[in-house]
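Below is one structure, written out as structure tokens, with a few remarks after it.
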Amino acid sequence: MDIKDRIVVITGAAGGIGRALALACADAGARAVVCADLDGDGAAATADQVNAAGAHGVARAVNVAREEELRALIDDTEEQVGPIDLFCSNAGISLPGGPEVDNDGWQRIWDINVMAHVFAARHLAPRMIARGGGYFLNTASAAGLLSQVGSAPYAVTKHAAVGLAEWLALTYGDDGIKVSVLCPQAVRTNMTKGKEDHVASVDGMMEPEPVALACLEAIRAETFLVLPHPEVLQYMRNKTDNYDRWIGGMRKLNRRFNPKAD
């Protein structure tokens, strides 16, 4: 897919990867970029930057954990802006801890990191299929391919996000729907602020802008897996080559980075 003259919706657009994606799409010639975020003021600031870049920027305050709000985002965009060509389901959160995390915490991260992708597909995929195709870019994480030391909720939900993206790609590919899933390691965003020594930063912390450009390159090539940190591919190969050895290596990382393991 070429972004030029396309209508794009991006959740989590108030900052970080979402804002970088919005500006990259504007620079690539998108006709309109709808910037959605729980932080309405932040979404408006991104939309202003999109307008300054020459595209039509639209801001929406949206809680992606609420299905009715995501449905309204899709309905309103299609009615007021036009048919959505690319939906970037980018919003996400992190939560430290393991099984001891309370049920409310598990439910919140599940709703944002997984169900928001489900809601977007539920309400947009049938429209895309009816008009011959469309594109989903779902933000997951390298944690969805590997794991996340110190956060079971993050590791589990990001694995689920990757699994859903795979299912969408294999199920709707013959209907003209393309899917890419973004799986970076550490990116300099509000989520990683003050965590420069975090385990996800062992290969360095990327800025959001090159991550966004990697996404656009993948979309143009219709590549499923987006790996801005190329090391992740070898880590995946190590994992599948010898699972037990990989678990042993991850235990070493756990002892190094997770204070609870001491």
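If you're wondering where the values come from, they're calculated on a predicted model, not measured in any experiment.
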Determine whether [X] and [Y] make a side-chain contact, defined as any pair of heavy atoms from C-beta on separated by less than 4.5 Å.
X	Y	value
Met206	Pro184	no
Val62	Thr11	no
Lys252	Arg255	yes
Thr46	Asp37	no

Legend entry - Test: Asp85 and Arg31 ion pair at under 4.0 Å: no
Inset, instruction - Using a strict cut-off of less than 4.0 Å between a Lys/Arg side-chain nitrogen and an Asp/Glu carboxylate oxygen, indicate whether Asp75 and Arg127 qualify as a salt bridge. - result: yes
Inset, instruction - Please assess Leu225 against Val181 for the test side chain to side chain contact (heavy atoms under 4.5 Å, CB included), listing each intermediate value before the final yes or no. - result: CA-CA 5 Å; Leu225 196 57; Val181 61; 3.8 Å; yes
Inset, instruction - Check salt bridge (Lys or Arg N to Asp or Glu O under 4.0 Å) between Asp174 and all other residues, then give those that pass, not counting sequence neighbours. - result: none
Inset, instruction - Look only at the side chain of Glu100 and the backbone of Gly98, and say whether a donor-acceptor pair between them is shorter than 3.5 Å. - result: yes
Inset, instruction - Report the C-alpha separation of Cys88 and Thr139 in whole Å, then their side-chain angles, then the decisive distance to 0.1 Å, and conclude whether the side chain to side chain contact (heavy atoms under 4.5 Å, CB included) test is met. - result: CA-CA 8 Å; Cys88 302; Thr139 297; over 6 Å; no
Legend entry - Residue among Val9, Asn51, Val81 satisfying side-chain contact (heavy atoms from CB on, under 4.5 Å) with Val58: Val81
Inset, instruction - Could you tell me whether Asn103 atom CG has more than 12 heavy atoms of other residues or ligands within 6.0 Å of it? - result: no
Inset, instruction - Sort and list the pairs that fulfil ring-ring contact (aromatic ring centres under 6.0 Å, His included) and have at least one residue in residues 48-100, not counting sequence neighbours. - result: none
Inset, instruction - With sequence neighbours excluded, tell me which residues meet side-chain contact (heavy atoms from CB on, under 4.5 Å) with His123. - result: Glu67, Arg71, Ile74
Legend entry - ring-ring contact (aromatic ring centres under 6.0 Å, His included) partner of Trp167, chosen from Phe136, Phe224, Tyr172: Tyr172
